[in-house]
Colleague: 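One structure follows; several queries about it will come next.
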Amino acid sequence: MNMEDEERLTLTLQVGGNPDWMSRLPERLLDVPLWNLAIPGSHDSMSFCLDVSSPVLRSQPCLLRVIDRLFPCWTRPCVYRWATTQQSVLSDQCDLGIRFLDLRIARKPAGGSKLFFAHGIYTLITVKEALDELATWLDAHPKEIVVISCSHFESLTDEDHFNLTEYIITLFGKKLCSSQDIPTLRSCWSRGQQVIVSYGNQQMVLQHPELWTGIPYWYADSAYPKRVIAYLEDQQHRGRPAGFYVSGLNLTEDAAYVLLHPLQDMRKMTTRALSLLLRWAGEQQPGQQAGGVNILCCDFVDVSPFCSLVIGLNYKLLAATPPVCRMPQTGASCSHVIGCCHSEQTGEPT
C-alpha cells in the first residue's frame with residue numbers, strides 16, 4: 001500500500017459519512033468483481049419506520065397472532081421494540097456507506113394495491129416511496145453502486161410481483177446491471193449502471209434478465225454475539241458462495257430472551273454486542289478465497305463506525321492484487337506489459 005492509499009484509508013476511517021466511497025477506491029480495485037469486495041449492508045433496512053398500530057404479520061406464530069387480537073396494546077409496542085433494527089432513512093444509510101439494502105416486502109391485509117415493508121409488523125412507508133428516494137440518491141452519486149435484495153414477499157400475489165418488477169425496471173432503467181454480467185466498478189461506470197436487484201422469486205428472475213437470483217444470507221439466528229461469530233466462522237470453513245453473499249452480524253431474540261430481558265430492546269441488545277462483532281469484522285479479508293467476506297450486514301448502522309470499518313477492509317486487497325493488465329488495442333502486442341495475463345497469440349486470458 002503506497003502513501004496515497006494509506007491517506008485515503010485514514011480519511012475513510014475518520015470521516016463519519018462515506019457517500020462516495022466507491023469512487024474513491026484505489027485504481028487497482030476498480031476491476032475486482034463486486035462480490036470480491038467488502039460491502040457494508042443494513043439488516044432489515046426499512047425497519048426504521050414500523051407502524052406500531054399495525055397488526056402482526058400473518059407469518060408470525062399463531063399464538064402471537066391470537067394474543068395480538070386480544071391485547072394489541074401490549075403485543076404491538078413489544079414487537080415494535082424488538083423488530084426495529086435501523087433508525088435512519090435509506091438516503092442517510094447510503095450516505096453512511098451502506099451499499100446493500102435488505103428490503104422485506106409485504107402486502108397489508110387492508111392496504112389496497114400498495115406494497116409496504118415488514119419485520120414483525122408493517123411499515124408506514126410504501127415500497128414505491130422508498131425506491132423513489134433511492135433513485136434520487138443514486139442520481140446525486142453517479143459512481144456508487146447499490147445492491148438491493150427484495151425478499152420474503154408477505155402475502156404478495158402474482159399480479160403484485162408483476163407490477164413490482166415492472167416498476168423496478170421502469171424506475172431504474174439503464175442503471176440496472178444485468179445478471180449476465182460480471183460487475184466491477186469500472187464496468188458499471190462505463191455502462192452507467194448503479195443498481196443490482198436480487199429478487200427472491202425465481203419465476204420473476206427467469207422472466208427478467210435485469211433481476212438477479214436471491215443472494216445467500218448467512219444468519220446465525222442467535223441473541224449472543226459469540227454464537228453469531230462461531231456460526232459465521234463455521235460457514236467460512238465450508239467455503240464461500242461463488243457470487244454475492246451476506247455475512248449477517250445481526251442478533252435475533254426469541255420469546256425466552258424477551259421475557260428474561262424485559263427492560264431491553266433490539267437497540268440495547270445490539271449496542272452491547274457491537275464491540276465484539278466489529279472486532280471480528282475488522283479481522284476479516286475480502287476476496288475470492290474460502291474465507292473471503294463480501295457483504296457484511298449489521299443492525300443500527302449509524303451508531304458505530306461499522307460502515308467505515310467494512311470499507312477499510314478493501315485496502316487489504318492491495319497487498320494481494322497484482323496490477324491490472326488492460327487488453328491492448330487490436331494489432332498491438334502484450335509482450336511489453338510486465339506480467340501480462342493474456343496470450344500473445346490470442347489475446348485471451350491465460
Side-chain angles (χ1 to χ4, degrees), residues 1-2 5 8-9 12-13 18 20-42 94 97-102 143-149 176-191 193-198 212-219 232-233 235-249 280-298 306-327 339-342 348-350:
M1 185 184 302
N2 59 35
D5 291 333
R8 288 184 181 181
L9 175 56
T12 297
L13 293 175
N18 303 281
D20 299 290
W21 68 265
M22 287 180 159
S23 65
R24 296 166 60 190
L25 285 179
E27 174 82 10
R28 286 169 60 187
L29 300 183
L30 302 187
D31 296 287
V32 175
L34 295 183
W35 48 68
N36 289 336
L37 293 179
I39 298 173
S42 57
C94 290
I98 293 298
R99 294 295 179 269
F100 173 86
L101 298 172
D102 176 20
K143 284 195 168 184
E144 299 303 299
I145 293 116
V146 174
V147 181
I148 303 172
S149 174
L176 289 171
C177 179
S178 170
S179 60
Q180 310 303 313
D181 296 334
I182 298 179
T184 67
L185 290 173
R186 197 187 306 276
S187 70
C188 288
W189 294 346
S190 68
R191 303 183 186 113
Q193 296 170 343
Q194 290 185 269
V195 186
I196 292 167
V197 178
S198 161
W212 295 59
T213 190
I215 294 176
Y217 194 119
W218 289 356
Y219 170 58
L232 293 176
E233 290 181 342
Q235 290 292 103
Q236 286 180 331
H237 292 151
R238 299 169 187 263
R240 59 155 293 170
F244 291 109
Y245 85 101
V246 179
S247 299
L249 300 179
W280 180 85
E283 296 168 352
Q284 303 309 300
Q285 169 91 26
Q288 61 184 350
Q289 69 277 8
V293 295
N294 175 213
I295 300 165
L296 288 95
C297 271
C298 192
F306 165 73
C307 288
S308 293
L309 184 148
V310 174
I311 294 166
L313 296 179
N314 290 301
Y315 290 80
K316 294 183 179 182
L317 289 170
L318 296 178
T321 306
V324 175
C325 168
R326 302 268 188 275
M327 278 294 295
C340 180
C341 58
H342 295 87
E348 295 298 320
T350 56

Colleague: Of the non-hydrogen atoms in Gly214 and Ser198, which two are nearest, and what is the gap between them?
Modeller: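 Gly214 and Ser198 have their closest heavy atoms at CA-OG, 3.3 Å.
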
Colleague: Starting from the C-alpha separation in whole Å, work towards a yes-or-no answer on salt bridge (Lys or Arg N to Asp or Glu O under 4.0 Å) for Glu283 and Lys316.
Modeller: CA-CA 10 Å; Glu283 296 168 352; Lys316 294 183 179 182; over 6 Å; no

Colleague: So do Val310 and Ile39 actually touch side chain to side chain, heavy atoms under 4.5 Å?
Modeller: no

Colleague: State, yes or no, whether a side-chain contact exists between Pro40 and Trp21 at a heavy-atom distance under 4.5 Å.
Modeller: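 Yes, side chains in contact.
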
Colleague: Can you check whether Gly41's main-chain N or O pairs, donor with acceptor, with Arg99's side chain at less than 3.5 Å?
Modeller: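 No, because the side chain of Arg99 does not come within donor-acceptor range (under 3.5 Å) of the backbone of Gly41.
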
Colleague: Is any side-chain heavy atom of Arg191 closer than 4.5 Å to a side-chain heavy atom of Asp181?
Modeller: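 They are in side-chain contact.
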
Colleague: So does Gln289 have more than 12 non-hydrogen atoms from other groups sitting under 6.0 Å from CD?
Modeller: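 Result for CD/Gln289: enclosed.
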
Colleague: Does the side chain of Glu27 come within less than 4.5 Å of Leu30's, by heavy atoms?
Modeller: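 Side chain of Leu30 against side chain of Glu27, heavy atoms only: contact under 4.5 Å found.
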
Colleague: For the residue pair Trp218 and Tyr245, does the interplanar ring angle fall in the parallel (under 30°), tilted (30 to 60°) or perpendicular (over 60°) class?
Modeller: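 Answer is tilted, since the angle falls between 30° and 60°.
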
Colleague: Ignoring hydrogens and geometry, is there a side-chain-to-backbone donor-acceptor pair from Gln236 to Ala290 under 3.5 Å?
Modeller: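 Absent.
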
Colleague: Looking at every heavy atom in both Asn18 and Cys307, which two are closest together, and how far apart are they?
Modeller: ND2-CB, 4.1 Å

Colleague: Shortest non-hydrogen contact from Ala38 to Leu313?
Modeller: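 Ala38 and Leu313 have their closest heavy atoms at CB-CB, 3.9 Å.
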
Colleague: Just how far is it from atom CD of Glu144 to atom OG of Ser23, taken to the nearest 0.5 Å?
Modeller: 5.0 Å

Colleague: If you apply the rule side chain to side chain contact (heavy atoms under 4.5 Å, CB included), what do you find for Trp212 with Leu176, and how did you get there?
Modeller: CA-CA 10 Å; Trp212 295 59; Leu176 289 171; over 6 Å; no

Colleague: Angle class for the Tyr217/Phe100 ring planes (parallel below 30°, perpendicular above 60°, tilted otherwise)?
Modeller: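 Ring orientation, 0 to 90° scale: tilted.
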
Colleague: As an exercise, state the distance from OG of Ser149 to CD1 of Ile215, rounded to the nearest 0.5 Å.
Modeller: 5.5 Å

Colleague: Given Val195, which partner from the list Val147, Ile145, Ile148 fulfils the side-chain contact (heavy atoms from CB on, under 4.5 Å) test?
Modeller: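 That would be Ile148; it is the only one of Val147, Ile145, Ile148 passing the side-chain contact (heavy atoms from CB on, under 4.5 Å) with Val195.
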
Colleague: Rounded to the nearest 0.5 Å, what separation is found between the CG atom of Asn36 and the CD atom of Gln288?
Modeller: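 Those atoms lie 5.5 Å apart.
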
Colleague: Distance from Ser42 atom OG to Leu296 atom CG, nearest 0.5 Å?
Modeller: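 So the OG of Ser42 and the CG of Leu296 are separated by 12.5 Å.
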
Colleague: Counting only N and O atoms by type, is there a donor-acceptor contact under 3.5 Å from the side chain of Gln285 to the main-chain atoms of Gly291?
Modeller: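 Answer holds: no.
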
Colleague: Give a yes or no answer on whether the side chain of Asn294 reaches the backbone of Leu34 with a donor-acceptor pair at less than 3.5 Å.
Modeller: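 Pair found, side chain donor or acceptor close to backbone of Leu34.
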
Colleague: So how far is it from Phe244 CZ to Thr213 OG1, rounded to the nearest 0.5 Å?
Modeller: 12.5 Å

Colleague: What verdict does the side-chain hydrogen bond (donor to acceptor under 3.5 Å, both in side chains) test give for Trp280 and Glu233, after you've listed the backbone C-alpha separation in whole Å, the side-chain angles of each residue and the deciding distance to 0.1 Å?
Modeller: CA-CA 10 Å; Trp280 180 85; Glu233 290 181 342; 3.0 Å; yes

Colleague: For the side chain of Gln180 and the backbone of Cys177, is there at least one donor-acceptor N/O pair under 3.5 Å apart?
Modeller: no

Colleague: Decide yes or no for Lys143 and Leu25: does some side-chain heavy atom of the first lie under 4.5 Å from some side-chain heavy atom of the second?
Modeller: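 Result no, sub-4.5 Å side-chain heavy-atom pair not found.
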
Colleague: Report yes if the side chains of Leu232 and Leu249 come closer than 4.5 Å at any heavy-atom pair, otherwise no.
Modeller: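 A side-chain contact under 4.5 Å exists here.
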
Colleague: Going from CG on Leu37 to CG on Leu29, what distance comes out if it is rounded to the nearest 0.5 angstrom?
Modeller: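 CG of Leu29 is found 6.5 Å from CG of Leu37.
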
Colleague: Under a 4.5 Å cut-off applied to non-hydrogen side-chain atoms, are Pro286 and Leu317 in contact?
Modeller: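 The answer is yes; the side chains approach within 4.5 Å.
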
Colleague: Evaluate Cys297 against Tyr219 for side chain to side chain contact (heavy atoms under 4.5 Å, CB included), listing each step before the verdict.
Modeller: CA-CA 10 Å; Cys297 271; Tyr219 170 58; over 6 Å; no

Colleague: Is there a side-chain contact between Leu101 and Val146, using heavy atoms and a 4.5 Å cut-off?
Modeller: yes

